**Q** 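There's a structure below that I have some questions on.
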Amino acid sequence: MRWPLDQHVVTQGWHYNSGASHNGIDLRTQIGNTSVRPVYAAAEGDVCAVQLWDGHTRDERSMQSYGNRVDIRHADYKKQSLVSRYAHLFKYIVAKGQHVREGQLIGYSGATGNVYGAHLHFEVLLGGKRTNPLVWLDDDFTTASDNVYTYGPGEHAVERPAAAGVSTSTTTNGLQIITAKGLTNQQAWTVYMLATQLQLVTMRLYSADFADADCTHQNIEVGPVSKGDAKQIMDKLAAVGATGTAEAA
Ligand SMILES: [Zn+2]
């Protein structure tokens with residue numbers, strides 16, 4: 001699976017720092033003055049459940065303690081169902097039954113449900129049983145402190161995508177930055193509209209500058225974005241007759 005956030009800082013592991021069982025991992029979302037960050041599908045699959053938080057329940061025995069939540073069912077693993085779960089979301093933008101590709105934006109991190117502060121709670125359920133999510137992810141992460149639990153005996157990370165023989169133009173997180181120079185305003189506008197649809201403008205992942213003194217052409221930069229979003233942007237550039245460059249973020 002791929003990391004569901006752009007930044008990979010584990011604040012609480014499979015066991016809480018206190019030693020109590022946690023059954024998932026917590027990922028830091030607070031950076032600077034915002035904790036609302038894009039959350040991406042860890043793998044391709046179908047959204048099998050969404051839960052809208054009722055706004056008040058924090059009881060740990062209730063599913064409502066997850067807050068706004070998305071569950072995605074992936075292809076079975078060794079004949080067992082495989083589900084990833086994303087909790088405490090600020091909001092989700094997918095619906096039950098929707099097919100999502102790996103790296104697709106599914107929502108934004110938040111602080112709903114039973115939380116003391118904003119973070120993304122991430123779980124992986126195999127055959128309906130929660131498993132240590134770090135076993136499904138690569139080792140491209142840091143821990144918020146030395147106390148954070150990482151792997152049990154015999155557990156380890158999956159290979160990073162680059163080491164698994166994927167093109168070297170993709171980095172460990174697979175994110176890309178796209179630049180295109182000298183677009184006409186009309187070409188730039190078309191890309192801007194797509195970036196708006198993909199929520200990249202809201203996330204401030206789209207920027208543009210005029211390329212000339214009379215403001216007829218623009219240089220744009222989009223990213224860092226997932227490979228799926230990057231492909232859509234590149235396809236759009238090609239469709240309007242412009243050339244873009246995608247580079248690993
Ligand atoms: Zn948690």
Side-chain angles (χ1 to χ4, degrees), residues 1-32 34-43 45 47-74 81-94 100 103 105-152 155-158 173:
M1 293 189 181
R2 56 153 284 159
W3 288 84
L5 292 173
D6 290 342
Q7 66 283 342
H8 316 158
V9 181
V10 181
T11 56
Q12 301 278 346
W14 173 243
H15 297 292
Y16 283 111
N17 300 350
S18 66
S21 74
H22 177 201
N23 297 319
I25 57 172
D26 290 347
L27 296 170
R28 176 173 292 163
T29 54
Q30 185 76 43
I31 293 176
T34 178
S35 58
V36 177
R37 312 221 154 249
V39 175
Y40 307 107
V47 176
C48 57
V50 294
Q51 170 181 272
L52 196 60
W53 188 41
D54 62 15
H56 57 86
T57 303
R58 291 171 185 271
D59 188 331
E60 285 172 17
R61 292 162 300 181
S62 161
M63 289 293 270
Q64 278 288 332
S65 65
Y66 283 114
N68 293 324
R69 181 188 108 235
V70 172
D71 290 359
I72 300 172
R73 179 161 180 177
H74 311 289
S81 67
L82 182 63
V83 170
S84 59
R85 173 172 289 165
Y86 314 78
H88 310 313
L89 300 174
F90 169 65
K91 72 167 187 174
Y92 50 80
I93 59 165
V94 290
V100 293
L105 182 70
I106 58 167
Y108 297 93
S109 60
T112 57
N114 183 29
V115 290
Y116 289 101
H119 66 271
L120 177 70
H121 175 91
F122 178 66
E123 293 183 3
V124 177
L125 297 90
L126 180 64
K129 278 182 62 181
R130 293 181 284 189
T131 64
N132 184 355
L134 287 180
V135 170
W136 300 89
L137 298 165
D138 64 45
D139 65 356
D140 179 22
F141 67 93
T142 53
T143 54
S145 78
D146 290 343
N147 298 330
V148 174
Y149 180 95
T150 53
Y151 306 107
E155 291 183 344
H156 56 82
V158 298
N173 62 12

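The first residue in the sequence is number 1, and the count goes up from there. As a basis for the values below, the full set of heavy atoms in this structure was taken, side chains included, without hydrogen atoms, waters or symmetry mates. Atoms within a ligand are numbered from 1 in the order they appear, just like the ligands themselves. It should be emphasised that the depicted structure is a prediction, and the values quoted were computed from it without experimental measurement.
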**Q** Under the salt bridge (Lys or Arg N to Asp or Glu O under 4.0 Å) rule, collect the residues that match up with Arg58, sequence neighbours excluded.
**A** none
**Q** Go through the structure and list residues passing salt bridge (Lys or Arg N to Asp or Glu O under 4.0 Å) with Asp54, not counting sequence neighbours.
**A** none
**Q** How about the Zn ion (ligand 1), which protein N, O or S atoms come within less than 2.8 Å?
**A** His22 NE2, Asp26 OD1, His121 ND1
**Q** What pair of heavy atoms forms the shortest contact from Leu5 to Val39, and how long is it?
**A** CD2-CG2, 3.9 Å
**Q** Should we count CZ of Phe90 as having more than 12 external heavy atoms under 6.0 Å?
**A** no
**Q** Which residues satisfy the salt bridge (Lys or Arg N to Asp or Glu O under 4.0 Å) test with Asp71, sequence neighbours excluded?
**A** Arg69, Arg85
**Q** Looking at every heavy atom in both Glu155 and Thr150, which two are closest together, and how far apart are they?
**A** OE1-O, 4.5 Å
